[in-house]
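Written out below as structure tokens is the structure these notes cover.
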Amino acid sequence: MSFYDSFDVAVVGGGHAGIEACLASARMGLKTLLITQTVDSIGRMSCNPSIGGIAKGNIVREIDALGGEMGKLIDRTMIQFRLLNRSRGPAVQAPRSQADKLEYSALARHTLETQENLSTLMDTVTDILTADCGGRRKVIGLATERGRVITVRAIVLTTGTFLGGRIFIGDYDAPCGRLGEPGAFGLTGSLNRLGFTTGRLKTGTPPRILRHTVDFSGLEIQEGDPKIIPFSFDDESVDRKQVPCHTVYTNSETHRIIRENIGLSPLYSGKIHGVGPRYCPSIEDKVMRFPDRERHQIFVEPEGLGTDEIYLNGLSSSLPEAVQDAFLRTMTGFGHCTVSRPGYAVEYDYVEPTQLYPSLETKLVAGLFNAGQINGTSGYEEAAGQGLVAGINAAY
């Protein structure tokens, strides 16, 4: 008998929803298993390495109040804190922190690996096993890519962009959930056989640039607040080194290059069929949908203290790499920039969320819960909140 043969709750996926789901279950005393394709990617910040923002900062505080971990993780790994809308009333103010993405992921992994009642397994889930229970299907186990069968009484699916994931950069596409990381295949077919309606969504991420190749002298500086307000109610204060962010703008030449090459974008050529989340438009979308706009603001943000990579918040793109290089170098300070990772779009499977109860348990299968991007979420915080709710209810 394998060590992994029987658990109370299995959580599939080690992103922000998965972290909260498995911690909630384990802390409620249930024998819990987190299954992820690689433990090195637990808590990885695929897009903007930040936590909080308008509405999102409030979600992090609610997660913390319910016993979740996100607020504690960001308090211990932040490299800049800002209270947005400080000049306005408290109803519209929101905390936001830039994170050291490598440190955040490492701390999240350590938290899971040292949690009582929680085990981790590197594998890919390909099938959900059920039995008839009074006319409704009920979870009894799962099967993995390597042929392992694990008996469980509840499953929480937090598959992110990996479920049937495919990335796009111009004409290039590959079966990945993130650049360089394979997608997860087989589970969508299992869900379809159980009667679930699934579809395709898409999102994207900007190119990453090496900081030392950018001239920051012409960019607007954006310092953090002198007083840091902790996200977690358990933290009285946060003593972390803060680093500056910057802002820059696209211009008419940037927009010209994008418009002239728009037919090379998989978003416009028809290669991508999924619908994008409303809060993550690509630079191609912004240029084409708002032709009267002379410029778009881009936030230049560090990825961490231990890396030279910077993130261009607001410049998501799936245009060919040569086109990305060309339009990037039209912006102030970026004339000689070096791209370390190109921007790309990713299309993935989701499960129609009207097939869920408010508990996030599926209506078709008892003991099966969905949380995060499998439901169509568009941010770390929303995913984490759903993971917490699903993990608590799965434990019951």
Side-chain angles (χ1 to χ4, degrees), residues 40-41 43-51 77-80 82 96-106 161 167-170 172 174 176-181 203-224 240-251 253-255 257-258 261 264-265 280 282-284 286 295-346 380:
D40 298 326
S41 296
R44 182 163 290 175
M45 293 176 151
S46 309
C47 291
N48 191 4
S50 71
I51 296 293
T77 61
M78 69 172 65
I79 56 176
Q80 189 191 85
R82 293 178 65 226
R96 180 185 186 274
S97 283
Q98 200 69 20
D100 185 317
K101 67 181 296 183
L102 300 177
E103 190 178 0
Y104 187 101
S105 177
T161 61
I167 66 167
F168 298 85
I169 308 170
Y172 173 83
C176 300
R178 268 190 296 255
L179 184 64
E181 297 183 45
T203 187
T205 193
R208 267 59 163 191
I209 310 298
L210 294 181
R211 179 185 178 89
H212 75 271
T213 65
V214 176
D215 179 5
F216 286 87
S217 61
L219 275 60
E220 300 175 14
I221 193 166
Q222 193 175 65
E223 299 282 3
R240 293 276 303 175
K241 176 185 177 181
Q242 294 206 65
V243 297
C245 296
H246 295 79
T247 57
V248 70
Y249 295 87
T250 61
N251 53 57
E253 181 64 8
T254 318
H255 299 178
I257 293 172
I258 291 171
N261 291 278
L264 302 177
S265 168
C280 302
S282 67
I283 188 63
E284 297 97 284
K286 288 190 281 191
R295 65 179 191 172
H296 293 280
Q297 187 177 44
I298 307 299
F299 295 91
V300 183
E301 301 168 331
E303 295 250 290
L305 302 179
T307 176
D308 196 48
E309 285 189 319
I310 55 176
Y311 179 93
L312 301 183
N313 188 354
L315 205 69
S316 173
S317 178
S318 59
L319 283 163
E321 293 183 56
V323 180
Q324 292 186 37
D325 291 347
F327 74 65
L328 280 166
R329 290 169 183 158
T330 65
M331 298 190 303
T332 300
F334 286 80
H336 302 285
C337 70
T338 296
V339 177
S340 56
R341 309 187 201 200
Y344 61 91
V346 57
Y380 306 143

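Residue indices begin at 1 and follow the sequence shown. Computed from a predicted model, the values in this text were never measured in an experiment.
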Check: Do Glu220 and Thr247 meet the criterion of a side-chain donor-acceptor pair at a distance under 3.5 Å?
Finding: yes
Next item on the list: Can you run down the salt bridge (charged side-chain N to carboxylate O under 4.0 Å, His left out) pairs that involve residues 301-312, sequence neighbours left out, and say none if there aren't any?
Entry: Arg96-Glu301, Lys101-Glu303, Arg208-Glu303, Glu309-Arg341
Note to self: I need the minimum non-hydrogen distance between Gly343 and Ile169, along with the two atoms involved.
What the structure shows: O-CG1, 3.8 Å
Margin query: Under the criterion side-chain contact (heavy atoms from CB on, under 4.5 Å), I'd like the reasoning laid out for Leu319 against Glu284: C-alpha separation, chi angles, the key distance, then a yes or no.
Written below: CA-CA 8 Å; Leu319 283 163; Glu284 297 97 284; 3.7 Å; yes
Notebook entry, point to check: When you measure from the side chain of Tyr344 to the backbone N and O of Ser317, does any donor-acceptor pair fall under 3.5 Å?
Noted result: no
Item checked: Tyr249 OH to Met331 CE distance, which is reported to the nearest 0.5 Å -> 12.5 Å
Notebook entry, point to check: Could you give the distance from SG (Cys337) to CD1 (Ile209), rounded to the nearest 0.5 Å?
Noted result: 4.5 Å
Checklist line | Gly224 versus Gln242, closest heavy-atom pair with distance | finding: CA-OE1, 3.5 Å
Checklist line | Donor-acceptor contact below 3.5 Å, side chain Thr307 vs main chain Gly304 | finding: no
Notebook entry, point to check: Would you say Pro49 and Leu102 make side-chain contact, with heavy atoms under 4.5 Å?
Noted result: no
Checklist line | Contacts of type side-chain contact (heavy atoms from CB on, under 4.5 Å), residue Ser46, not counting sequence neighbours | finding: Arg178
Item checked: Close side-chain approach of Cys245 and Pro302, heavy atoms under 4.5 Å -> yes
Next item on the list: Verify the distance criterion only: is there a donor paired with an acceptor across the side chains of Ser316 and Ser282 at less than 3.5 Å?
Entry: no
Notebook entry, point to check: Which residues pass the side-chain contact (heavy atoms from CB on, under 4.5 Å) test with Asp325, sequence neighbours left out?
Noted result: Arg329, Val339
Notebook entry, point to check: Under the 3.5 angstrom rule, does the side chain of Tyr311 hit a backbone N or O of Pro207 as a donor-acceptor pair?
Noted result: no
Margin query: side-chain contact (heavy atoms from CB on, under 4.5 Å) for Glu181 and Arg44? Distances and angles first, verdict last.
Written below: CA-CA 12 Å; Glu181 297 183 45; Arg44 182 163 290 175; 2.6 Å; yes
Checklist line | Close side-chain approach of Ile167 and Tyr172, heavy atoms under 4.5 Å | finding: yes
Checklist line | Donor-acceptor pair, side chain of Tyr380 and main chain of Gly43, under 3.5 angstrom | finding: no
Notebook entry, point to check: Has the side chain of Thr161 got a donor or acceptor atom that lies under 3.5 Å from a matching backbone atom of Gly177?
Noted result: yes
Checklist line | Side-chain (Asn313) to main-chain (Val300) donor-acceptor, under 3.5 angstrom | finding: no
Checklist line | From CD1 (Ile310) to NE2 (His212), nearest 0.5 Å | finding: 10.5 Å
Next item on the list: State whether the side chain of Thr213 and the backbone N or O of Thr338 hold a donor-acceptor pair below 3.5 Å, judged by distance alone.
Entry: yes
Next item on the list: Report yes if the side chains of Pro244 and Ile221 come closer than 4.5 Å at any heavy-atom pair, otherwise no.
Entry: yes
Next item on the list: Test Ile51 against Met78 for side-chain contact (heavy atoms from CB on, under 4.5 Å), laying out the working first.
Entry: CA-CA 9 Å; Ile51 296 293; Met78 69 172 65; over 6 Å; no
Notebook entry, point to check: Side-chain contact, heavy-atom cut-off 4.5 Å: Phe327 with Asn261?
Noted result: no
Item checked: Verdict with reasoning, Leu312 to Phe299, per side-chain contact (heavy atoms from CB on, under 4.5 Å) -> CA-CA 6 Å; Leu312 301 183; Phe299 295 91; over 6 Å; no
Notebook entry, point to check: Of the non-hydrogen atoms in Leu328 and Phe334, which two are nearest, and what is the gap between them?
Noted result: O-CB, 3.3 Å
Checklist line | Where Leu179 and Pro342 come nearest, the two heavy atoms and their spacing | finding: CD2-CD, 4.0 Å
Next item on the list: First locate atom CD1 of Ile283, then atom OG of Ser318, and finally report the distance between them rounded to the nearest 0.5 Å.
Entry: 12.0 Å
Notebook entry, point to check: Are the side chain of Gln324 and the backbone N or O of Pro206 linked by a donor-acceptor pair below 3.5 Å?
Noted result: no
Item checked: Note: Glu223-Arg82 ion pair, threshold 4.0 Å (strictly below) -> no
Next item on the list: Say whether, by atom type as modelled, one donor and one acceptor occur between the side chain of Thr250 and the main chain of His296 under 3.5 angstrom.
Entry: yes
Checklist line | Cys47 to Gly204 - nearest heavy-atom pair and separation | finding: SG-O, 3.6 Å
Check: What is the distance from atom CD1 of Ile298 to atom CG of Leu315, rounded to the nearest 0.5 Å?
Finding: 4.5 Å
Check: Is the side chain of Asn251 donor-acceptor paired with the backbone N or O of Thr254 at a distance under 3.5 Å, no angle test?
Finding: yes
